[in-house]
Amino acid sequence: MSGRGGHRDTRRRPAEPKRERRDLGQQVEGRQAVRELLVARRRRVHDLWLSTDAGDAPVVAEIAGLAEAAGVRIRRVPGDQIERRARTGAPQGVVAFAAPVPTSQLDDLLDDTRAFLVALDGVTDPQNLGAVMRSAETAGATGLVLATHRAVGLTPAVAKAAAGAIEYLPIAFVSGIPGALDRARRAGVWCAGLDAGGEQSLFDLTVADAPLVLVLGAEGRGLSRLARARCDVVASIPMHGHIASLNVSAAAAVACTEIARRRAG
């Protein structure tokens with residue numbers, strides 16, 4: 001692909017880093033997250049715990065039916081047992097145990113002629129990561145790029161906040177976001193950073209409908225110096241009130257929606 005007017009790099013691709021974090025989405029909590037885990041059938045579910053206090057809510061009955069159809073072992077346990085096992089504040093009486101989330105190779109994601117990737121440069125809050133995943137997936141993003149260090153893993157809190165997006169959005173782990181952006185540029189994919197100090201408006205982003213990596217910075221500090229330097233363009237979201245910026249998950253929702261709108265057009 002030559003989306004940026006150049007030629008694809010044909011040198012040997014670097015190996016992806018080994019993933020050392022223990023959390024790769026194996027424990028999933030919350031009704032919506034567990035429902036999508038079972039609907040997607042992307043990975044094997046070993047066990048499903050349902051609280052005996054969950055009542056007869058339609059979604060709980062649906063989850064039980066999906067689990068039975070998939071041959072998942074179901075355990076009905078007291079609600080306090082689920083609360084003790086849970087790693088989020090509100091498991092909603094439902095916890096599933098599954099195989100790790102399958103991961104993708106970055107270069108495979110970059111090979112897509114309609115690539116729309118979201119790269120997170122140091123996001124450490126699980127609620128923010130989950131919310132960004134949800135926004136990216138609903139906007140039609142073709143993948144998510146996460147660093148293996150100085151970033152949150154795919155914890156139960158992330159999976160719950162993602163509300164099922166973790167089951168559908170391809171995820172590539174890389175040793176560092178700046179290096180990943182170098183690889184994207186060599187592959188003919190534009191890199192657009194989002195930062196309050198960006199030189200142009202997000203709504204004037206001319207490469208929105210091209211093969212693209214949208215880069216979002218960490219909570220508080222925004223884009224790192226190295227990541228910003230490797231972006232082809234840095235855009236900002238115009239602010240019209242007294243507050244100068246949005247947090248990363250809200251900014252991601254605005255940016256992903258705008259890029260989806262431009263690409264659909």
Side-chain angles (χ1 to χ4, degrees), residues 1-6 106 109-110 112-123 125 127-147 161-163 165 168-172 177-178 180-265:
M1 175 174 51
S2 55
R4 300 177 70 251
L106 174 61
L109 299 182
L110 293 172
D112 189 341
T113 58
R114 291 289 295 164
F116 169 22
L117 309 182
V118 177
L120 298 183
D121 181 26
V123 171
D125 184 279
Q127 298 297 323
N128 279 337
L129 175 55
V132 170
M133 294 177 72
R134 189 173 186 176
S135 295
E137 200 285 327
T138 56
T142 59
L144 185 76
V145 184
L146 299 175
Y168 303 103
L169 188 65
I171 301 172
I177 296 302
L181 300 182
D182 279 337
R183 289 160 66 180
R185 295 176 72 185
R186 291 197 301 268
V189 177
W190 291 88
C191 299
L194 191 66
D195 190 83
E199 60 264 22
Q200 70 170 257
S201 168
L202 168 72
F203 305 116
D204 297 325
L205 188 62
T206 58
V207 297
D209 58 353
L212 179 70
V213 180
L214 173 68
V215 192
L216 298 160
E219 302 91 345
R221 67 175 175 84
L223 289 175
S224 68
R225 178 181 60 83
L226 291 177
R228 187 185 181 105
R230 284 162 173 78
C231 289
D232 297 295
V233 61
V234 179
S236 63
I237 298 172
M239 297 286 107
H240 302 289
H242 296 287
I243 305 301
S245 64
L246 299 170
N247 81 348
V248 64
S249 61
V254 174
C256 288
T257 300
E258 171 62 12
I259 291 170
R261 183 189 69 82
R262 297 279 293 276
R263 294 168 81 87

Interatomic distance, [X] atom [atom1] to [Y] atom [atom2] [nearest 0.5 angstrom]:
X	Y	atom1	atom2	value
R262	T257	CZ	OG1	13.5 Å
S245	M239	OG	CE	7.5 Å
W190	L212	CH2	CG	10.0 Å
D121	L146	CG	CG	11.0 Å
L216	D195	CG	CG	10.0 Å
S201	E258	OG	CD	8.0 Å

Would you mind reporting whether [Y] and [X] have side-chain heavy atoms less than 4.5 Å apart?
X	Y	value
V213	L110	yes
L129	L144	yes
P211	D112	no

Step-by-step side chain to side chain contact (heavy atoms under 4.5 Å, CB included) determination, V207 to L205 = CA-CA 6 Å; V207 297; L205 188 62; 4.0 Å; yes
Going through the distances and angles, do F116 and I259 end up as a side chain to side chain contact (heavy atoms under 4.5 Å, CB included)?
-> CA-CA 9 Å; F116 169 22; I259 291 170; 3.7 Å; yes
Side chains of E219 and N247, donor plus acceptor under 3.5 Å = no
Do the side chain of [X] and the main chain of [Y] share a donor and acceptor less than 3.5 angstrom apart?
X	Y	answer
S236	P238	no
S135	V132	no
E199	V234	yes

Dump the intermediate steps for side chain to side chain contact (heavy atoms under 4.5 Å, CB included) on V118 and M133, then the final yes or no.
-> CA-CA 9 Å; V118 177; M133 294 177 72; over 6 Å; no
Assess whether atom CZ of R225 is packed by more than 12 heavy atoms of other residues, nucleotides or ligands within 6.0 Å.
-> no
CZ/R134: more than 12 non-hydrogen atoms of other groups inside 6.0 Å | no
Check each of V145, L120, L181 against V215 using the side-chain contact (heavy atoms from CB on, under 4.5 Å) test, and report the only one that passes.
-> L181
Which pair of heavy atoms, one from [X] and one from [Y], lies closest together, and at what distance?
X	Y	result
A255	L202	CA-CD2, 3.6 Å
P178	L226	CG-CB, 3.7 Å
L169	A136	CD2-CB, 4.2 Å
E137	Y168	OE2-CB, 3.8 Å
L246	A251	CB-N, 4.0 Å

Using the test salt bridge (Lys or Arg N to Asp or Glu O under 4.0 Å), find all partners of D209 that sit at least two apart in sequence or belong to another chain.
-> none
Begin from the C-alpha positions of R185 and C191 and carry the test side chain to side chain contact (heavy atoms under 4.5 Å, CB included) through to its verdict.
-> CA-CA 7 Å; R185 295 176 72 185; C191 299; 3.6 Å; yes
